[in-house]
Number of protein chains: 2
Amino acid sequence: MIILDYRDKRPLYEQVTEKLMLLITGGALSPGDRMPSVRSLALDLSVNPNTVQRAYAQLEQDGYLTTITGRGNYVSEKKLWQAGHENALRTQLKEVLEKVRDGGLSEEGARDCVREVYEEQGRMRS
Amino acid sequence: MIILDYRDKRPLYEQVTEKLMLLITGGALSPGDRMPSVRSLALDLSVNPNTVQRAYAQLEQDGYLTTITGRGNYVSEKKLWQAGHENALRTQLKEVLEKVRDGGLSEEGARDCVREVYEEQGRMRS
DNA sequence: ATAGTGTATTAAATGACTTAATACACTTAT
DNA sequence: ATAAGTGTATTAAGTCATTTAATACACTAT
């Protein structure tokens, strides 16, 4: 379900959080779907239950999951995370744009990057 | 000369490296200019000399500084870092673009962000 | 010679992350 | 009711990168 990258400098719980989020927003997991239990996912990833717990807690905080004690974690309705997700993406992009803009990259240069990256997506679909 | 942000999660040496780099690429420091000594900058920033040394070493590695043992660190000629700098900015931007693209942000959404951020720059100039 | 450079090394302190071992309350199925 | 499986919380220990501290050495300029 998930593959962890131990060369990545980011903490494990952050990787788990991000990958699960992508499975949800990408539609691989649908609203109402039950998530694997904290313990079982920890076993799958060869990771401590606390680490998975931390990821689940973050995902619930951000509206992607709804937790029911004793039952499990369930993917939330789209309306609960859609807006926040879109906003987070834009904020993330803008922060880097401000950084590279201050670093001297021209608006044209930035547009080039956008074009290249989204052309790349086109190739992936074919 | 530099103000450190202790709320920033990134290590100090990384902040110092980035800020000095911006002073160089931004033209506040010109090729040939002598940098403050490792010890004096460390005093200025209330930071350990090792931390400054690490920043200087990174800047030399990336071509922004030329080090002469016993004399000091000097801002390198533009040709030594110009290309690498431009490339680093593009790579940095592209990595985030791929991330938000995979997260579901449309190409139009990305273009909006570019427009907004560079409009912001226009306002700063006035 | 003396003072100021960059550089290197070793030791200790700090803090975030991770693992480990439990424990408890709740829900479901038997 | 009992047992198994949930989420949740706590405490302790270990790991690792970062940072500080204290030196030491080679080089350069005055």
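Throughout, protein chains are lettered first and strands after them, A, B, ... in sequence-line order, and every chain is numbered starting at 1. Bear in mind that the values here come from a model prediction, so they are computed numbers and not experimental data.
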| task | Apply salt bridge (Lys or Arg N to Asp or Glu O under 4.0 Å) to B:D5 and B:R10, showing your working. | result | CA-CA 9 Å; B:D5 179 8; B:R10 294 177 307 166; over 6 Å; no

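Nearest heavy atom pair, residue A:S76 against residue A:P31, reads O-CB, 3.4 Å. Scanning all heavy atoms of the two residues, the minimum distance from A:V114 to B:A110 falls at CG1-CB, 4.1 Å.
Here CG of A:L97 is found 12.0 Å from CZ of B:R115. Values are rounded to the nearest 0.5 Å.
The shortest distance between side-chain heavy atoms of A:Y74 and A:I68 falls below 4.5 Å. Between B:E77 and B:Q82 there is no side-chain heavy-atom pair separated by less than 4.5 Å. Under the 4.5 Å side-chain criterion, counting only non-hydrogen atoms from C-beta, A:L105 is in contact with B:E86.
Nucleotides of DNA chain C that come within less than 4.0 Å of any heavy atom of chain B span, from the 5' end to the 3' end, C:dG4 to C:dT9.
Residues that satisfy the side-chain hydrogen bond (donor to acceptor under 3.5 Å, both in side chains) test with A:S40, not counting sequence neighbours, are A:S37.
Of all the residues in residues 3-16 of chain A, not one reaches under 4.0 Å from DNA chain D with any non-hydrogen atom. Listed by residue number, A:R34, A:S37, A:V38, A:R39, A:N50, A:Q53 are the residues of residues 34-54 of chain A with a heavy-atom contact under 4.0 Å to DNA chain D.
For residues 95-105 of chain A, the set of pairs meeting the side-chain hydrogen bond (donor to acceptor under 3.5 Å, both in side chains) definition, not counting sequence neighbours, comprises A:K99-B:E18.
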Atom pairs and distances, side-chain donor-acceptor, residues 44-53 of chain B, under 3.5 Å, sequence neighbours left out:
| residue | atom | partner | partner atom | Å |
| --- | --- | --- | --- | --- |
| B:N48 | OD1 | B:N50 | N | 2.9 |
| B:N48 | OD1 | B:N50 | ND2 | 3.1 |

